Amino acid sequence: MKVLVINTGSSSIKYQLFNMPSGQVFCSGLLERVGDIKGILTHKTYPGTDKELKHVETKPIRNHSVGMARVAELLVDKEFGIINSANEIDLVGHRVVHGGEKFAKTTEITKDVKEAIKHLSPLAPLHNPANLIGIEVAEQIFAKAKQVAVFDTAFHQSIPEKAFRYAIPSKFYTKNGVRVYGFHGTSHRYITKRAASLLNKPIEEVNLITIHIGNGASMAAIKNGKSIDTTLGLTPLPGLVMGTRSGDIDPGVIFYLNETLGYALKDIKNILNKESGLKGLTNDNDMRVITERVEKGDKEALLALEIYTYRIKKYIGAYLAAIGEKPDAIIFTAGVGENSAVIRLMAVGGLLHLGIELDAELNKKGGGERCISSTNSSIAIWVIPTNEELEIARQAVGIA
Ligand code: ADP
């Protein structure tokens with residue numbers, strides 16, 4: 001079965017073509033600066049296990065339609081293609097950011113589902129409209145394929161009301177849906193399934209703290225294989241310190257910036273989403289650069305790492321309490337979590353009294369799924385690389 005996974009952003013499209021159920025990747029690609037005259041398309045084909053054929057185009061990509069049409073051409077291209085016709089695609093799995101309370105599961109896309117995704121757009125104004133464009137373009141190009149929506153919020157729909165409600169007037173929840181939804185659900189779900197398998201436990205019995213730290217970042221408390229709390233909320237702003245997003249702040253900061261310092265609301269929104277987090281603290285948002293600065297003795301960069309990892313540590317404490325029993329494991333994933341030994345060390349350092357200790361040597365070794373806790377640690381610590389695209393493909397096949 002050939003399954004194409006599409007993740008459409010406001011100015012980008014990511015795609016991967018899978019052979020399912022084996023999970024073999026036929027090709028993958030990224031279109032950047034969609035809608036810009038300086039568009040970039042990177043297409044990679046994997047003709048053999050260790051072979052990679054890379055093709056890059058830099059030319060205007062007028063809109064998502066034009067971009068997807070070019071992807072469809074490349075899929076059947078004589079040199080870089082992998083199939084003979086767009087009709088060979090059996091399933092298209094779309095990442096959709098916001099499913100609200102309506103979508104707790106992966107869903108086949110119908111007219112009504114598209115309407116509902118549109119209706120949820122005020123909750124994800126940058127993402128849901130772009131996801132819808134991706135769906136509509138794919139419906140035309142891959143007309144024979146079943147189209148499936150996999151929602152980033154779905155895995156967190158098991159969070160109980162005491163954890164998902166904000167203590168603001170109830171009407172904002174009952175009438176307007178203001179509550180915690182959480183994001184990165186596809187990643188937390190994939191990690192939960194992998195962890196259950198690696199720990200040799202049925203998924204219904206696995207208790208975890210999952211730490212997804214990439215550009216965006218979130219943690220989840222997993223009890224009996226289900227999400228019971230997470231750090232992102234109505235929007236992807238709260239919780240951990242991120243590349244450019246602030247994470248938790250006192251909401252009063254917004255009024256102070258507005259009323260006392262005279263910043264307009266739209267500027268504050270931009271500051272908290274694009275100018276804060278690691279970037280706000282150091283002027284850099286790439287963890288590699290910040291870590292190099294720390295190695296050279298840069299105090300500002302060190303403070304940023306301290307703030308970043310202290311926040312993770314605080315949530316580990318909170319989620320130990322929320323889970324209410326000793327979790328089986330703490331899992332690090334995504335760009336920073338998979339690659340940065342120093343961040344992992346700072347995040348869980350000094351927690352032996354809670355049964356958490358890294359093995360310094362194992363932590364420094366790179367590569368793949370690995371347990372990095374010491375023999376003293378009663379809670380295991382793992383690194384498990386995430387694979388959101390594969391999870392979307394599996395979810396899509398699951399309802400096919
Ligand atoms: P996204 O949220 O965009 O999917 P990723 O999960 O790819 O992000 O993570 C990207 C981040 O991972 C980058 O900001 C980069 O700082 C960080 N990263 C990647 N490799 C390393 C590394 N070797 N050491 C530290 N950080 C890294």
Side-chain angles (χ1 to χ4, degrees), residues 5-16 28-33 40 42 44 95 97 124 126-127 130-131 150 152 182-191 194 210-220 230-232 235-247 273-296 298 301-302 304-309 311-312 331-348 363-370 372 383-392:
V5 171
I6 300 179
N7 181 354
T8 317
S10 51
S11 64
S12 70
I13 306 174
K14 285 189 210 157
Y15 61 92
Q16 255 186 58
S28 65
L30 170 66
L31 286 81
E32 296 165 276
R33 300 192 185 166
I40 308 170
T42 311
K44 292 179 186 170
R95 173 188 185 229
V97 165
L126 293 179
H127 293 95
N131 301 152
V150 181
D152 225 24
F183 301 89
H184 299 143
T186 309
S187 176
H188 289 289
R189 187 204 304 271
Y190 174 85
I191 295 303
R194 283 305 304 148
T210 50
I211 307 174
H212 172 114
I213 37 179
N215 273 323
S218 68
M219 286 172 60
T230 194
T231 56
L232 295 173
T235 72
L237 253 187
L240 304 181
V241 175
M242 295 173 242
T244 63
R245 287 180 243 150
S246 62
N273 277 292
K274 306 223 165 107
E275 303 293 333
S276 295
L278 292 172
K279 183 163 182 220
L281 293 168
T282 66
N283 246 334
D284 275 312
N285 61 343
D286 191 314
M287 189 55 92
R288 282 165 288 207
V289 178
I290 298 168
T291 312
E292 280 165 23
R293 282 175 51 184
V294 172
E295 282 161 10
K296 288 183 190 140
D298 183 326
L302 177 62
L305 294 200
E306 285 172 348
I307 296 170
Y308 185 94
T309 52
R311 188 76 52 83
I312 297 172
I331 321 272
F332 285 95
T333 195
V336 178
E338 291 165 28
N339 295 300
S340 176
V342 66
I343 292 296
R344 293 192 296 261
L345 184 65
M346 290 174 75
V348 300
N363 184 41
K364 280 191 213 140
K365 280 192 194 148
E369 296 173 332
R370 56 206 190 267
I372 56 170
V383 175
I384 302 183
T386 194
N387 193 338
E388 288 164 278
E389 287 75 20
L390 178 60
E391 180 60 25
I392 292 173

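Predicted model, so just to flag it, every value in this text is computed and none were measured. For ligands, and for the atoms within them, numbers begin at 1 and follow the listed sequence.
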Looking only at distances, can you tell me whether any N or O atom of Ala334, backbone or side chain, sits closer than 3.5 Å to an N or O atom of ligand 1? no
Rounded to the nearest 0.5 angstrom, the OG-NZ distance for Ser246 and Lys279 is 14.0 Å
Indicate whether atom 6 (O) of ligand 1 is within a distance of less than 4.0 angstrom of some protein heavy atom. yes
Which atom pair, heavy atoms only, marks the closest approach of Ser187 to Thr386? OG-OG1, 2.8 Å
For atom 20 (N) of ligand 1, the option (of Ile343, Asn339, Asn285) bearing the nearest heavy atom: Asn339
Looking only at N/O atoms, are Ile213 and ligand 1 under 3.5 Å apart anywhere? no
Going by the angle between their ring planes, with limits at 30° and 60°, are His188 and His212 parallel, tilted or perpendicular? tilted
Filtering Met242, Arg288, Met287 for the heavy atom nearest atom 24 (N) of ligand 1 leaves Arg288
Side chains of Glu295 and Thr291 in contact at under 4.5 Å (non-hydrogen atoms): yes
Are any of the heavy atoms in Gly216 under 4.0 Å away from ligand 1? yes
I want to know if ligand 1 touches Lys14 in the polar sense, i.e. an N/O pair below 3.5 angstrom. no
Ligand 1 N/O within reach of His212 N/O, cut-off under 3.5 Å: no
What atoms in ligand 1 come closer than 4.0 Å to a heavy atom of Ser340? 25 (C)
Does Thr291 come within less than 4.0 angstrom of ligand 1, counting non-hydrogen atoms of the residue? no
